[in-house]
Amino acid sequence: MTAQAPAFDPGDFRRALGSFATGVTIITTRDGDGEPVGLTVNSFNSVSLNPPLVLWSLANEARSLPAFRDAEYWAVHILATDQEALSTRFAKRGEDKFSDLDLERGLGDIPLLPGCSARFQCRTASRYQGGDHLIFIGEVADFDHSNNPPLVFHGGRYAHATQRVSTKPGEPYLAGSFGEDFLGYLLGRSHFRFFSRIRPYLEKAGLSDEEFYVLSAMTLKPTMSSADLGKLTAGVLDETSDRTVDSLIARELLTRETLADGATCYRLSDRGREIALELISAAKAVESQVLAGLGPDEDTVLKSLLNQLLGVLDPDVGSIWHPDDPRGSNA
Ligand SMILES: Cc1cc2nc3c(=O)[nH]c(=O)nc-3n(C[C@H](O)[C@H](O)[C@H](O)COP(=O)(O)O)c2cc1C
C-alpha cells in the first residue's frame with residue numbers, strides 16, 4: 001500500500017472512509033432554551049470499559065454545535081434496522097426533527113427515542129478540536145439495550161447486519177454435481193418444501209397450485225390486462241395458463257371482460273377475492289412460521305436478495321408490481 005499524497009481528492013478520501021462499515025446513531029441533547037436537539041452520527045465509537053467512555057465527532061458547521069458544546073448530558077441512540085427513516089430525518093439540517101415523536105426523558109432531561117438497539121446516556125467528559133470536527137468523549141452514566149437488530153451504514157448507503165454462517169458443503173458423489181452450493185438446488189428445494197406447507201389450504205379450497213397462482217396474481221391489481229397476466233404466468237404456467245384461467249372463470253371466481261378498445265382484461269369476482277384473501281392470509285401465516293427460523297433481519301435480507309435475483313431473471317415482471325418505477329420495463 002502506498003502512502004497518500006498530501007493533496008488527495010476529498011471525494012475519494014470520503015469513499016475510502018466509507019469502506020469502514022459502521023452502525024448509525026442519533027445523538028440528542030437539549031439546548032439552552034430547553035428545546036430538544038439531535039443529529040444522525042456514525043462517528044460514534046467505544047473508548048474505554050473502565051471507566052466507561054464513548055466518543056463521537058460533530059462537524060464545526062453543524063447547527064447543533066452550540067447546544068452540544070454547552071451540554072452536560074447527551075444520549076447516543078444506536079438505531080435499529082427499522083429506523084432508517086428516523087436516521088434520514090435527523091440527518092437534515094435544523095428541521096423540526098422531534099415533531100410527533102414519542103420521547104422519554106433521561107438524565108438532565110435529555111430527550112430519549114424509543115425502539116433503538118441500544119441507548120447510552122452520557123455526561124461530557126472532555127472535548128477536543130479535531131480538524132473540522134469537535135470530538136466529544138462522554139462517560140456513560142446509564143444505558144439500556146434490546147434485541148432489535150442494528151442499522152448499518154456502508155459505502156454511503158444503509159445496509160443490513162446479518163451474521164455469517166459457516167457451512168461446509170458435503171462432498172458430492174459426482175464432482176460438480178448439484179449440491180448445496182448450487183442456486184437451483186437451494187431455490188428448488190426451498191420452493192417445494194415451502195409450498196408443501198401451503199398446499200393443504202389449497203386442497204381445502206379445492207384449488208390446484210396453478211389456480212392459486214393465478215388467483216394470487218389477480219390480487220395485484222383490481223383489473224388485470226391479459227398482457228399483464230401473460231407476463232405473470234410466462235415461464236411459470238405457460239401451456240396450462242389458458243386452461244387455468246378458463247377453469248377459474250367456469251367456477252365464477254374470475255370474470256373476463258372485453259374493453260372498448262378490444263383488449264381483454266380480468267377481474268376477481270367477490271367470491272374469488274374472498275378465497276384469494278383467505279389463502280393469502282394462510283400463506284402469510286406459513287411464511288411467518290418459516291421465517292421465524294431465521295436470525296433477526298435475515299428475512300428482510302433474504303427477500304431483498306430474491307427481489308434482486310428476480311430483477312435479473314425476470315425484469316419484466318417488476319413493471320407489473322411497480323408500474324411507476326422507471327426501472328420497470330413496460331415494453
Ligand atoms: C449515516 C450518517 C452519519 C453521519 N455522521 C455524522 C457525524 O458523525 N458527525 C456529524 O457532524 N455529522 C454526521 N452526519 C451528518 C449530520 O447528520 C447532518 O449534517 C445533520 O444535518 C446535522 O444536523 P444539524 O446541522 O441540525 O446539527 C451524518 C449523516 C448521516 C446520514
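Whatever order the structure lists ligands and atoms in, that order sets their numbers, starting from 1. Here, residue 1 is the first one in the sequence, and each next residue gets the next number.
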Return the residue, atom name and 0.1 Å-rounded distance of the protein heavy atom closest to atom 5 (N) of ligand 1.
Asn42 N, 3.0 Å
Report yes if Gly38 has an N/O atom closer than 3.5 Å to an N/O atom of ligand 1; otherwise report no.
no
First locate atom CG of Asp82, then atom OG1 of Thr300, and finally report the distance between them rounded to the nearest 0.5 Å.
9.0 Å
Mind checking whether Ser87 contacts ligand 1 via backbone (N, CA, C, O), side chain (CB onward), both or neither, at a 4.0 Å heavy-atom cut-off?
neither
Take every heavy atom of Phe90, measure it against each atom of ligand 1, and state whether any distance is under 4.0 Å.
yes
At a 4.0 Å threshold, what atoms of ligand 1 neighbour a non-hydrogen atom of Phe153?
1 (C)
Under 4.5 Å between side-chain heavy atoms, counting indirect links through other Ile/Leu/Val/Met/Phe/Trp/Tyr residues: same cluster for Val76 and Val47 or not?
no
Should Tyr158 be counted as touching ligand 1, given the test is an N or O pair under 3.5 Å?
no
Below 3.5 angstrom, do we get any N/O pair linking Ala62 and ligand 1?
no
What is the nearest protein non-hydrogen atom to atom 14 (N) of ligand 1, stated with its residue, atom name and distance?
Thr40 O, 3.2 Å
For atom 25 (O) of ligand 1, the closest protein heavy atom turns out to be Arg63 N, 2.9 Å
Ligand 1 versus Glu61: contacting region, heavy-atom distance under 4.0 Å
neither
The closest protein heavy-atom partner of atom 18 (C) of ligand 1 is Ala91 O, 3.4 Å
Winner among Gly23, Ser57, Ser43 once heavy atoms are compared against atom 10 (C) of ligand 1
Ser57
The protein heavy atom nearest to atom 23 (O) of ligand 1 is Lys97 NZ, 3.1 Å
Measure Trp56 to ligand 1 on non-hydrogen atoms and call it side chain, backbone, both or neither using the 4.0 Å cut-off.
neither
